[in-house]
Amino acid sequence: MPELPEVETIRQTLRQLVVGKTVESVAVHWPKIIQAPDDVEQFKQLMPGQTITEIRRKGKFLLFDLTDYVLVSHLRMEGKYGVYPKKDKMQDHTHVIFSFTDGTELRYRDVRKFGTMHLFEKGKELLDKPLVQLAKDPLETDFVIDLFKEKVKKSTRVIKNILLDQTVIAGLGNIYVDETLYLAGVHPLTKGTDLSDKALDRIVDAAIETLEKAVAQGGTTIRSYVNSQGQIGMFQQELKVYGQTEKPCQACGRPIEKIKVSGRGTHYCPNCQTQA
DNA sequence: ACTAATGTTAGTCT
DNA sequence: TAGACTAACATTAG
């Protein structure tokens, strides 16, 4: 379940492996992953001859800069990238294969098949879905705190749901929302309309601190996440509430509780998370 | 052997 | 229109 820190770690490890390589051919074993262009055959036709010049990240999206195009990739739950010699045995659940002219290939694997890829002409990637509605993530230098606060304050939804909304703030998923709200001392069921400016400032600060620490630790590995060099993350050791149900809160000793919020498992300390 | 839970986003319904 | 709900899918825990 890659969120911002995992996607950023994937970006950092993957760019060393593929930047400068030129695509020779593409194979697609699960066409639904290719969302744009509409025709998968066209996707396969456009790629050969394209060189990967850089990999960027926006929220949880990876953007592969090519000679003439940009490939926008979302890993959803279980998507993974790896680079292997062409002769290496194909792993299970490999759905898209980019073969390079140097005899290696970039393989996209995804047990759940939820991941997506969109190919755009260079410069057009922000004008259409999936990126057109995406908010800035809090690690971007042009993240506008006031815009975030305005959006939250006029929403009647609970803050847990608001923080998961990628059009309000990008990059947070279920794990980092719970950790952020714990650090900010805010109850996950607080409505956006009930949050003070101070609480919203704490939420932004907490999100930045949590995400930066997680990036420094190479992300969080709960079940299956590994970066593009097959390494797990280490931030799971730092989790204060996510997956800590019934364990004593590190601050007050009260047991961490787990509830359902709109169907999502939600962890919090009932004693420490009361400030609005 | 069945059922529920897992997490992210787009699309649909109200 | 904002918000709630569900589908897309596979695996695993109970």
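Computed from a prediction, not measured in an experiment: that's the story for all the values here.
- Taking side-chain N and O atoms only, Gln166(A) has no distance below 4.0 Å to OP1 or OP2 of dT8(B).
- Atom CG of Asp165(A) and atom P of dC5(C) are 16 Å apart (whole Å).
- Proximity of Leu46(A) to Tyr69(A): side-chain heavy atoms (C-beta onward) are separated by under 4.5 Å at one or more points.
- Using P as the reference atom, dA1(B) and dC9(C) are 25 Å apart when rounded to the nearest Å.
- For the pair Asp178(A) (side chain) and His267(A) (backbone), a donor-acceptor distance under 3.5 Å is present.
- Classification of Asp88(A) and Arg107(A) as a salt-bridged pair fails, no side-chain N sitting under 4.0 Å from a carboxylate O.
- Spacing between atom NZ of Lys154(A) and atom C1' of dT1(C) amounts to 11 Å, rounded to whole angstrom units.
- When the P atom is compared between dT1(C) and dT9(B), the two are found 23 Å apart, to the nearest whole Å.
- Salt bridge status for Lys213(A) with Glu209(A): present, with a side-chain N to carboxylate O gap under 4.0 Å.
- Distance check on atom P: dA5(B) versus dC5(C) gives 15 Å, rounded to whole Å.
- Side chains of Glu8(A) and Gln12(A): a donor-acceptor N/O pair is present below 3.5 angstrom, by distance only.
- Put simply, NZ on Lys260(A) is 15 Å from C1' on dC5(C), counting in whole angstrom units.
- Lys258(A) comes within 4.0 angstrom of the backbone, heavy atoms only, and of no base.
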Measure all distances between protein nitrogen or oxygen atoms and nitrogen or oxygen atoms of nucleotides 11-14 of chain B, and list the pairs falling under 3.5 Å.
unit_1: dG11(B); atom_1: OP1; unit_2: Lys129(A); atom_2: NZ; d: 3.4

Tabulate atom names and distances for all N/O pairs under 3.5 angstrom spanning the protein and nucleotides 6-8 of chain C.
unit_1: dA8(C); atom_1: O3'; unit_2: Lys32(A); atom_2: NZ; d: 3.2

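- Of the candidates Glu3(A), Gln236(A), Met234(A), Gln237(A), Gln236(A) is the only one forming a side chain to side chain contact (heavy atoms under 4.5 Å, CB included) with Thr220(A).
- Between the NE2 atom of His267(A) and the C1' atom of dT6(B) there is a distance of 11 Å, given to the nearest Å.
- For the pair Leu75(A) CG and dT6(B) P, the interatomic distance rounds to 21 Å; values are reported in whole Å.
- Exactly one residue among Thr104(A), Thr51(A), Leu106(A) makes a side chain to side chain contact (heavy atoms under 4.5 Å, CB included) with Lys21(A). That residue is Thr104(A).
- Listed candidates were dT8(B), dG3(C), dT11(C). Nearest to the side chain of Ser155(A) is dG3(C).
- Leu131(A) places its CG atom 11 Å from the P atom of dT9(B), with the value rounded to the nearest Å.
- For the residue pair Tyr176(A) / Glu6(A), a side-chain donor-acceptor distance below 3.5 Å is found, with atom types taken as modelled.
- What separates OH of Tyr108(A) from P of dC9(C) is a distance of 13 Å, to the nearest Å.
- Between dA4(C), dA10(C), dT8(B), one nucleotide has an atom nearer to the side chain of Arg157(A) than all others, and that is dA4(C).
- Backbone-only engagement by Thr156(A) is indicated by non-hydrogen atom pairs under 4.0 Å involving sugar-phosphate atoms exclusively.
- Salt bridge annotation for Asp65(A)-Arg56(A): present, with a cationic side-chain nitrogen under 4.0 angstrom from a carboxylate oxygen.
- Nucleotide dG3(C) holds its C1' atom 11 Å from the NZ atom of Lys191(A), rounded to whole Å.
- Looking at heavy atoms from C-beta onward, Lys260(A) lies out of side-chain contact with Thr266(A) at the 4.5 angstrom threshold.
- A 6.0 Å sphere centred on NZ of Lys198(A) holds no more than 12 heavy atoms belonging to other residues, nucleotides or ligands.
- Around atom NZ of Lys129(A), no more than 12 heavy atoms belonging to other residues, nucleotides or ligands sit under 6.0 Å away.
- Ring-plane geometry between His95(A) and Trp30(A) is classed as tilted, the angle between the planes lying from 30 to 60 degrees on a 0 to 90 degree scale.
- Helical stems involving DNA chain C, defined as 3 or more consecutive Watson-Crick or G-U pairs under 3.5 Å, span B:2-6 with C:10-14, B:8-14 with C:2-8.
- To the nearest whole angstrom, the two P atoms, one in dA10(B) and one in dT11(C), are 24 Å apart.
- For the OP1/OP2 pair of dT9(B) and a distance below 4.0 Å, the side-chain nitrogens and oxygens of His74(A) include at least one atom meeting the criterion.
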